[in-house]
Amino acid sequence: MRTRASFLTALNSTKPRIDPGVTMTAKLKTVSRWLLAGPGALIAAILAMGGSTQWLPAGPAEIDNFLYPVLLFPGIWAVFFFIAIMFDHVWKAAILIFGITAIHAYLVFTAFSAG
Amino acid sequence: MSFVAKAPTQRLLAVHGWSGTVLGLFLYLIVVTGAVAVFAVEIGAWSKPGEGRQAVFERPLDPTIAELSESVPEEYMDEVQIFGLNTGELMVFFHGHTENEQGTIEDIGVRYLLDHETHEVIKREEGFRSEMEDLPRSELMDFIVTLHINLHAPNPWGLYMTGILGFVMVIATVSGLILHRHIITDLFVSPRLSSRLLNSRDRHILAGTWSLPFGFILAFTGAFFSFATTIGVPVIAFAAFGGDTERLLEIIEPPAIVAEAPGQVASIDSIIADSSERAGIAPNFVGLVDYGTEAFSVRVNHLPRDGAISAVANLYDGSTGNFLRIAPLIGNEPSSSATVASLMGPLHFGNFGGIISKLVWGALGVALAYVTLSGLQLWVRRRIDEPAWAWMNNAVILTGYGVPITMLGAAFGYFPAFGIGADAGQWTAFGFLASSAALLAIGCLIRKADRLTAVLQWTMIIGLARTPGLRLAFGGDNWLELMQRQDVLTLAIDLVFWMGAGWGVVSALKLQLLPRKSAETLSVPAE
């Protein structure tokens, strides 16, 4: 059964082990990635939820622009989380997430300032 | 075939495993209590005789509302809420809205508890809603549902915790989907019998693959419910309404237009009859706005009828009795987002297709609990040689059996208290805490995993077998009475307990009497 072999071999390979060859740069990359996937993704998702109220269409009842972000919040958070995990280079994921977050932070700031 | 490179796959596997390990025990608690909470109404009726299933809108409402409104102060006539309680009584709440001592706008008015058959007033309360007594319901079911919603932690912290657990489950299901490169084949994996570890792995993959989409739906909707009010509303109010939460809430639930000029009053009973015909099911809530004025409107809410997914609310002109439109769940106009929002509840609670959909949701919840626990066991078994992981193995066993046992403990606290008229809410909590403490003591005293498993299995079996008897001993309806009034559900719940005990006996004997094919600690290759 090749199918199970590939999945289970992969499962076994995640067993924690000490690798003396790990450099400081590699450690820094790992820490950066988990910071980005953890608190980074959560902050990005909260700002994206708030900021997207400014560019989403309001719809006929004028509620779509703020109801959809609330409805999709767990999904938005998950998308940022997976971007942080799946990208080969953590800096590419960081640029993408920080970029989206910066735009939405600006939108939240201008909307709040306008009252 | 692989669509994900090796390094991200390794990271995903680490996420899948470690997120489950760190929060898996809490996740298991949420999943098990959720599978039980699907049957909240049924278990409420089972645990509290006389609860549920009465048709509360059978007797005409027009004369009752007209008579009650005579004795209600004018300022409480903005809105009237009429709904049935699980205990069978009818609640009529005449109210207005005013600022309370905390400075927030709150409902204030007069609330009547009526006998659903005679409409005789059982109780009258006046004041702010928060000052009124909690609505009567089964304390046992209330305890389990609250455990599922916020782990009995004060809000918003409890909701943050369950929201994070929901998010972890979203991550586990999506990463599980990406990791299953041969998902169709995994759907038909035949659990191997060559060793216990391989058998457990295959079963985890099989149950996990089948329940992936369901797990995702439950986790997503659950996370939404936890975060919508705790994070969603404040963030949206901050970003789009300059921090004014009141303005946002007014859009979500538009306030009534207060009208002064008197107007005609159409028959509420005729409106209810028309609405029931349109919805195909009796209403569960009737709301009157500006009763007796020119702006009088009536909203009739219906739970989803069999075969439908979402609930329906019909809006009527209260002066003429004419149907106006189907009212959206949120806002004044229909919108796609309100439609999506209206699907979140039925998808999470499984209450859209009567008892059948609830049974499916309950069974899938049990499957998810199995996936969570078996995943944890797999993770721990491969590390059992290390002392810390051997301890974790016992924690998994303790939690696996402990969650059902503590729920039974809650029932053992509830039924005697209910029977003798003591504070059932307090005794339910005491039963839960006492059984939790006893389990912790057992966990400390018995270190050997096999022995711990056996002790907990038999404790659970005895608890399951004794619970229906406890219900009967402390004032519960006996089987003859249940059969006479064709209360199949209460009978079925008793049977489920005994079937659970029977299944437990078979499993326990199988585990203890049959020879093992391989030790748990044996190192087993993937193939």
Side-chain angles (χ1 to χ4, degrees), chain A residues 1-16 30 33-34 37 41-42 45-47 49-54 56 58-75 77-79 81-82 84-88 104 107-115, chain B residues 2 4-5 7-15 17 163 166-167 170-171 174-175 178-182 185-186 189 198 201-202 205 219-220 223-224 227-228 231-233 235-236 238-240 242-244 248 251-252 328 330-338 340-341 344 378 382-383 526-527:
Chain A
M1 289 293 288
R2 211 181 125 265
T3 308
R4 273 175 283 169
S6 59
F7 181 61
L8 296 173
T9 310
L11 258 179
N12 277 325
S13 69
T14 63
K15 201 168 177 175
T30 308
R33 191 182 288 280
W34 292 113
L42 175 61
I46 290 173
L47 284 167
M49 175 167 60
S52 56
T53 57
Q54 302 305 308
L56 275 170
E62 300 190 340
I63 57 171
D64 289 353
N65 60 325
F66 63 82
L67 196 50
Y68 273 126
V70 177
L71 286 165
L72 296 175
F73 173 69
W77 187 5
V79 167
F81 178 86
F82 280 110
I85 295 293
M86 302 289 284
F87 269 45
D88 280 339
H104 285 97
L107 289 171
V108 170
F109 175 74
T110 49
F112 185 73
S113 304
Chain B
S2 171
V4 184
T9 303
Q10 298 283 338
R11 285 194 293 273
L12 270 185
L13 280 163
V15 166
F167 176 72
V170 168
I171 296 300
V174 174
S175 57
I178 298 169
L179 291 170
H180 282 288
R181 297 168 194 182
H182 304 273
T185 323
D186 282 346
V189 161
L198 283 178
R201 283 172 169 179
D202 289 344
I205 292 170
F220 192 96
F224 160 75
F227 289 134
I231 295 182
V233 169
V235 168
I236 298 295
F238 181 84
D244 189 350
L248 172 62
I251 292 177
I252 292 171
I330 298 169
N332 264 330
E333 300 278 328
S335 66
S336 59
S337 58
V340 175
M344 298 301 251
L378 280 177
R382 280 187 292 108
R383 295 162 173 80
E527 278 295 322

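On a predicted model such as this, the values are computed, not experimentally measured, just so you know. To find a chain, count down the sequence lines: A is the first, B the second, and so on, and within it residues start at 1.
When each of A:Phe73, A:Phe81, A:Trp77 is checked for heavy-atom pairs under 4.5 Å with chain B, A:Trp77 comes out on top. Among B:Gly163, B:Pro328, B:Ala219, B:Ala341, the residue with the largest count of heavy-atom pairs under 4.5 Å with chain A is B:Ala341. Between chain B and the residues A:Asp88, A:Asp64, A:Val108, the most heavy-atom pairs under 4.5 angstrom are made by A:Asp64.
The CZ atom of B:Phe220 lies 8.0 Å from the CG atom of A:Leu71; values are rounded to the nearest 0.5 Å. Distance check: A:Met49 CE to B:Ile236 CD1 gives 5.5 Å after rounding to the nearest 0.5 Å. Here the straight-line distance linking atom CD1 of B:Ile178 with atom CZ of A:Phe82 works out to 5.0 Å at 0.5 Å rounding.
Across all non-hydrogen atoms, the minimal contact from B:Ser335 to A:Ala61 is CB-CB, 3.8 Å. Taking every heavy atom of both residues into account, B:Ser336 and A:Tyr68 meet most closely at OG-OH, 2.7 Å. For the residue pair A:Thr53 and B:Ala239, the shortest heavy atom distance occurs at OG1-CB, 4.2 Å. Taking each heavy atom of B:Ile330 and A:Ile63 in turn, the nearest pair found is O-CD1, 3.5 Å.
Under the rule for a side chain to side chain contact (heavy atoms under 4.5 Å, CB included), the partners of B:Arg11 that lie at least two apart in sequence or sit in another chain are A:Arg33, A:Ile85, B:Ala7, B:Pro8. In terms of the side-chain hydrogen bond (donor to acceptor under 3.5 Å, both in side chains) criterion, residue partners of B:Ser175 (sequence neighbours excluded) are, by chain and number, B:His16.
Proximity to chain B (any heavy atom under 4.5 Å) is shown, for A:Phe66, by both the backbone and the side chain.
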request  = Show your working on side chain to side chain contact (heavy atoms under 4.5 Å, CB included) between A:Val70 and B:Phe224 and close with a plain yes or no.
outcome  = CA-CA 8 Å; A:Val70 177; B:Phe224 160 75; 4.0 Å; yes

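In summary, the aromatic rings of B:Phe238 and A:Phe112 are positioned with their centroids under 6.0 Å apart.
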